[in-house]
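All of these numbers come straight from a predicted model, not from anything done at the bench.
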Amino acid sequence: MNDLLFGVDPEEVSVPALVWAADEAARRRLRLRLVVAVPPVHDRLGYDALGHRTALRIRAESALADVEELVRRLRGPLPATSELVDGAPATVLLARAAGADLVVVGSRRLGRAAELLGENSVVVPLTARAPCPVVVVRAPEHTEVHPPALVVGVDGSEQSQEAVAFAVHEASLREARLRAVWVWPRPLLAHEDTGAGLAERRRLLAESVAGWAERYPDTDIDQDVVRGHPVAELALAARESLALVVGRTGRGGYSGMRLGSTVHGLLHHADCPVITVPSGAPVLGGDRPRGRAERPPRLGPDRPPPG
């Protein structure tokens with residue numbers, strides 16, 4: 001049985017994230033793997049350091065016990081394992097993500113500097129480097145909205161194809177409709193041919209979801225091209241959705257660049273769970289649709305405007 005990895009934060013257990021993880025593990029028939037890390041102590045010496053480390057371990061053990069009990073109450077016989085590990089949280093979770101189908105964590109709504117530079121930060125380094133999809137739950141999913149919907153961001157890149165593949169399967173599991181959204185940044189020059197540009201992006205968006213409706217005939221897929229900044233427009237589109245799915249498009253050496261500015265912004269501003277799908281992630285639930293026609297030359301992926 002494959003694993004869904006849930007990162008337990010001993011400082012502030014995220015109940016919405018735990019509920020999301022337990023429900024998703026049940027839907028996908030995965031084992032829920034609960035992991036809590038006890039970070040190293042660098043800023044203390046001698047007896048004080050030993051006492052602080054002991055306190056951290058006690059707190060981690062207590063948080064793990066609370067989470068185990070909540071899982072039993074939520075899901076009863078759901079297969080689950082738990083593990084307490086010494087090490088920096090992001091490092092511990094990344095090591096275990098290699099053997100997981102999915103990773104779920106909560107968010108403390110830290111500022112960008114704290115998430116990038118903090119020793120015990122988890123969300124940015126994990127989302128930027130995990131080899132499997134990562135779900136960050138900073139706000140509960142909107143289950144009260146009917147019919148339920150998921151949103152996937154599409155930009156013409158190969159990475160967004162990975163996101164579409166994941167999103168269609170997730171929508172099918174949830175019996176939800178899927179809204180595929182292409183955000184077209186506003187023109188820098190007033191004389192841009194917006195009519196032709198809109199038609200081309202609609203064509204590319206249609207290509208991006210081509211084949212999936214046939215594979216999942218019970219899943220309705222809507223397509224929208226909107227104008228504006230990708231972070232603002234995707235957050236707006238997903239404000240009442242079960243989740244927002246995006247591809248990991250960043251490049252570079254440190255986590256913020258590997259994550260990409262759009263995903264980084266959505267982790268702070270989206271009011272629903274954000275699922276980031278890396279390149280090369282396996283398509284959970286099956287292969288990609290086959291028989292798609294040869295694609296004509298495409299535009300480059302739309303990117304946010306400077307600044």
Counting distance only, does the side-chain N/O of [X] pair as donor-acceptor with the main-chain N or O of [Y] below 3.5 Å?
X: Ser157; Y: Ser160; result: yes
X: Arg239; Y: Leu236; result: yes
X: Arg177; Y: Thr219; result: no
X: Ser241; Y: Ala238; result: yes
X: Thr127; Y: Val124; result: no
X: His146; Y: Pro148; result: no
X: Arg201; Y: Val226; result: no

Does some side-chain heavy atom of [Y] sit less than 4.5 Å from a side-chain heavy atom of [X]?
X: Val103; Y: Val135; answer: no
X: Leu126; Y: Leu94; answer: yes
X: Pro133; Y: Thr276; answer: no
X: Val71; Y: Leu18; answer: yes
X: Val168; Y: Arg215; answer: no
X: Glu240; Y: Glu144; answer: no
X: Arg28; Y: Glu170; answer: yes
X: Arg202; Y: Leu205; answer: no

### Query
Taking only residues at least two apart or on different chains, which pairs with a member in residues 75-100 satisfy side-chain hydrogen bond (donor to acceptor under 3.5 Å, both in side chains)?
Asp23-Arg75, Arg33-Glu83, Arg53-Asp86, Arg57-Asp86, Glu68-Ser82, Glu83-Arg96

Shortest non-hydrogen separation from [X] to [Y] and the atoms involved:
X: Leu234; Y: Gly153; value: CD2-CA, 3.9 Å
X: Val36; Y: Pro10; value: CG2-CD, 3.9 Å
X: Arg179; Y: Asp224; value: NE-OD2, 2.7 Å
X: Leu242; Y: Ala176; value: CD1-CB, 4.0 Å
X: Pro40; Y: Ala88; value: CD-N, 3.8 Å
X: Ala235; Y: Leu266; value: N-CD2, 3.8 Å

### Message
Could you walk me through whether Phe166 and Leu102 satisfy the side-chain contact (heavy atoms from CB on, under 4.5 Å) test, starting with their C-alpha distance in whole Å, then the side-chain angles of each, then the deciding distance to 0.1 Å, before giving a yes or no?
### Response
CA-CA 11 Å; Phe166 184 97; Leu102 201 64; 3.8 Å; yes

### Query
Can you list the residues that meet the side chain to side chain donor-acceptor pair (under 3.5 Å) rule with Asn2, with sequence neighbours excluded?
Asp101

### Query
Excluding sequence neighbours, so at least two apart, what forms side chain to side chain donor-acceptor pair (under 3.5 Å) with Glu69?
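Glu69: side chain to side chain donor-acceptor pair (under 3.5 Å) contacts with Arg72, Arg73.
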
Do the side chains of [X] and [Y] join up, straight or via other hydrophobic residues, at under 4.5 Å, putting them in one cluster?
X: Leu198; Y: Val209; answer: yes
X: Val13; Y: Val137; answer: yes
X: Leu173; Y: Val164; answer: no
X: Ile58; Y: Val41; answer: no

### Task
Go through the steps to decide whether Leu178 and Asp222 satisfy the test side-chain contact (heavy atoms from CB on, under 4.5 Å), and finish with yes or no.
CA-CA 6 Å; Leu178 177 64; Asp222 301 326; over 6 Å; no

### Message
I'd like to know if Arg27 and Glu175 make a salt bridge, using a cut-off of under 4.0 Å between side-chain N and carboxylate O.
### Response
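The answer is no: the pair does not qualify as a salt bridge.
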
### Message
If the threshold is 4.0 Å, N to carboxylate O, is there a salt bridge linking Arg31 and Asp3?
### Response
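So Arg31 pairs with Asp3 through a salt bridge.
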
#### Entry: Thr262/Val246 under side-chain contact (heavy atoms from CB on, under 4.5 Å): CA gap, chis, key distance, verdict
CA-CA 9 Å; Thr262 297; Val246 288; 5.6 Å; no

### Message
Glu24 vs Arg174, test: salt bridge (Lys or Arg N to Asp or Glu O under 4.0 Å). Steps then yes/no.
### Response
CA-CA 9 Å; Glu24 190 73 2; Arg174 300 294 198 94; 3.8 Å; yes

#### Entry: Donor-acceptor pair between Gln161 and Ser208 side chains, under 3.5 angstrom
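The answer is yes; a qualifying pair exists.
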
### Task
Could you walk me through whether Arg227 and Glu233 pass the side-chain contact (heavy atoms from CB on, under 4.5 Å) test, one step at a time?
CA-CA 8 Å; Arg227 301 223 67 169; Glu233 295 301 328; over 6 Å; no

